[in-house]
Amino acid sequence: MNDMKWTTTLIGIPDAALDPPHGVEVCPDCGLIQRLPPLQGRGKLACPRCGHIMERTSGRSINAAMAMTLSALFLLIPANFLPLLSVDIFGVHHQSVLASGIWGVAAQGWPVVAVILALELLILPFLRFSTLAVVLLQLDAGHYPSWLGRMFRWSEWLDQWAMLDVFLIGFGIGYERVAPFLPIEVGTGGWCVVGLAFLSMLTRATLERREIWRRIGPNVESLDLDQEYIGCGHCGMPVAAHQEGQACPRCGAKVWRYKPQSTMRTMAFALAGFFCYPFAYLYPMEYNYQIGKMEGYTIMTGVMKLIDAHFFLFAAIIFIASIVIPFLKLFSLSWFFISVHFHSVKRLRLKTEIYRLIKTIGRWSHVDVFTVTVFLPLMHLSGLLAVYVGDALPAFLAVVVLTMIATEIFDPRALWAAYLMEPHE
């Protein structure tokens with residue numbers, strides 16, 4: 001094993017090993033078992049078959065990720081309890097906290113939507129940062145308890161559903177929608193949310209998963225040539241094929257060659273998303289009540305209103321996040337299902353790259369929902385002014401959540417099953 005150089009730093013030189021141990025790992029996207037070659041300086045290693053980034057050192061620092069994670073935990077308290085925004089409407093002062101919009105949605109008769117929003121904005125961010133902090137602190141102290149791999153796996157799963165970074169975009173759009181008409185101020189809690197959102201993104205950018213799994217262990221340095229191996233879909237550890245269905249020694253997840261019934265379950269969730277899709281776009285996302293006049297806004301109407309107000313960037317964000325991405329996810333998931341069903345071996349790398357894309361960007365479709373949540377508790381003056389949740393909002397949120405679950409359930413290795421059955425030199 002080569003000597004590893006560690007540098008404790010927040011920015012600048014990363015402390016990821018520039019020439020890490022060259023253990024055997026399995027690509028989670030195509031199932032290729034491969035020995036990671038030495039990294040020449042700061043760079044990245046990609047799977048030669050599907051292009052999945054197996055490891056990178058450029059810009060990665062475990063110590064920086066730990067500092068950001070602990071800072072985020074510290075900021076969670078003021079972000080949740082201090083004022084988010086405040087506004088004056090005809091001399092009446094309104095202010096909101098992070099939970100105000102969630103309570104407003106529940107009070108208007110949408111308790112399931114409120115529960116989902118509370119999970120994504122209040123509960124899961126705390127669980128994400130706390131579990132990751134425990135893992136990084138244990139590794140920093142040189143402790144490797146048996147539950148550490150499971151906790152890091154949970155932390156990685158929570159990262160997809162902790163939405164404070166997505167909420168930042170909705171927060172900005174909600175602010176800009178109110179600011180031209182009413183005096184509005186960002187409170188201390190609001191600035192803490194901004195800080196949390198950036199810390200969340202920076203933590204994700206600086207954390208090298210492969211380095212964490214290598215430190216947690218165990219690691220596989222060589223394979224028995226007489227033994228068949230399959231890979232863990234979560235941490236990439238090679239496991240003997242006869243142990244299929246048993247817990248991975250490193251992360252605790254059950255190891256399968258392909259997730260059982262994953263394609264059928266993916267399509268079931270995608271079909272549910274297709275069912276909700278037309279309701280999300282035909283009905284209003286919100287209703288604005290102003291002095292006896294009620295006006296509804298669909299997603300497309302909201303985009304056009306932003307264009308009319310010359311907020312072209314925000315209009316583009318809403319159009320891409322709320323219209324393009326959901327359609328792309330539903331179309332892609334259907335394409336994957338058809339490809340697996342008919343054992344297609346065409347454009348496998350492209351399909352895998354699209355899978356990685358929709359898994360990464362799918363969560364950003366929450367922006368429109370969060371925009372409504374931001375200004376709902378502020379725009380209220382009894383008998384004169386109010387904002388109400390439209391019938392499209394729960395349908396749209398259902399499309400986003402269902403397609404995220406479908407993408408999470410889908411096993412991209414199933415796309416490569418027919419290819420692996422063909423003879424290759």
Side-chain angles (χ1 to χ4, degrees), residues 7-16 56-85 96-99 101-102 117-141 151-175 186-212 215 317 321 359-367 369-371 373-374:
T7 303
T8 302
T9 180
L10 293 181
I11 56 176
I13 301 174
D15 62 359
R56 71 177 80 217
T57 57
S58 180
R60 304 290 166 148
S61 171
I62 294 175
N63 290 314
M66 181 169 63
M68 293 173 191
T69 301
L70 295 174
S71 299
L73 276 174
F74 176 78
L75 283 179
L76 277 171
I77 297 175
N80 280 289
F81 295 104
L82 294 181
L84 189 71
L85 291 169
S96 65
V97 295
L98 190 58
I102 299 170
L117 294 176
L119 286 170
E120 293 176 342
L121 297 177
L122 304 177
I123 299 172
L124 297 185
F126 172 77
L127 293 176
R128 155 65 175 170
F129 287 119
S130 58
T131 52
L132 182 58
V134 169
V135 170
L136 296 179
L137 288 171
Q138 289 286 327
L139 293 177
D140 186 65
M151 181 162 286
F152 185 56
R153 174 166 59 87
W154 295 337
S155 174
E156 288 291 284
W157 179 83
L158 288 167
D159 185 42
Q160 286 292 314
W161 295 94
M163 298 285 180
L164 285 174
D165 49 347
V166 183
F167 180 78
L168 177 62
I169 307 299
F171 178 78
I173 296 175
Y175 175 87
V186 179
T188 305
W191 290 115
C192 290
V193 168
V194 172
L196 273 168
F198 280 106
L199 286 171
S200 178
M201 290 184 281
L202 289 172
T203 300
R204 191 178 301 116
T206 56
L207 191 66
E208 173 47 54
R209 295 178 65 255
R210 193 67 54 189
E211 180 78 7
I212 298 294
R215 294 198 192 186
I317 291 173
K359 187 174 181 180
T360 300
I361 67 176
R363 59 203 298 273
W364 291 90
S365 294
H366 281 80
V367 167
V369 177
F370 292 155
T371 300
T373 306
V374 166

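What's counted below: heavy atoms across the whole structure, side chains too, no hydrogens, waters or symmetry copies.
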* Structure fact -> Tightest non-hydrogen contact, residues V97 and F81, listed as CG1-O, 3.7 Å

* side-chain contact (heavy atoms from CB on, under 4.5 Å) between L82 and W191: does it pass, once the steps are laid out? -> CA-CA 10 Å; L82 294 181; W191 290 115; over 6 Å; no

* Asked: Does a side-chain heavy-atom distance below 4.5 Å link V194 with V186?
  -> no

* Asked: Got a second to check how far M68's CE is from T203's OG1, nearest 0.5 Å?
  -> 6.0 Å

* Asked: With side chains defined as the heavy atoms from C-beta onward, is the minimum distance between F370 and L168 less than 4.5 Å?
  -> no

* Asked: Does CH2 in W161 sit with more than 12 non-hydrogen atoms of other residues, nucleotides or ligands closer than 6.0 Å?
  -> yes

* How close do A79 and L196 get, heavy atom to heavy atom, and via which atoms? -> CB-CD1, 3.4 Å

* Structure fact -> In this structure, CG of D165 is separated from CG of L199 (nearest 0.5 Å) by 11.0 Å

* Taking every non-hydrogen atom, the tightest pair across E208 and R210 -> OE2-N, 2.9 Å

* Asked: Heavy-atom distance under 4.5 Å between the side chains of L124 and L164, does that happen here?
  -> no

* Exam field: side chain D140 to backbone L136, donor-acceptor pair closer than 3.5 Å -> no

* Non-hydrogen atoms of T131 and S155 that approach each other most closely -> OG1-CB, 3.4 Å

* To the nearest 0.5 angstrom, please state how far the OG atom of S71 sits from the CZ atom of F129. => 10.0 Å

* Taking atom CG of L121 and atom OG1 of T373, what is their separation to the nearest 0.5 Å? -> 7.0 Å

* Structure fact -> Residue pairs passing the salt bridge (Lys or Arg N to Asp or Glu O under 4.0 Å) test with at least one member in residues 120-139, sequence neighbours excluded, are R128-E156, R128-D159

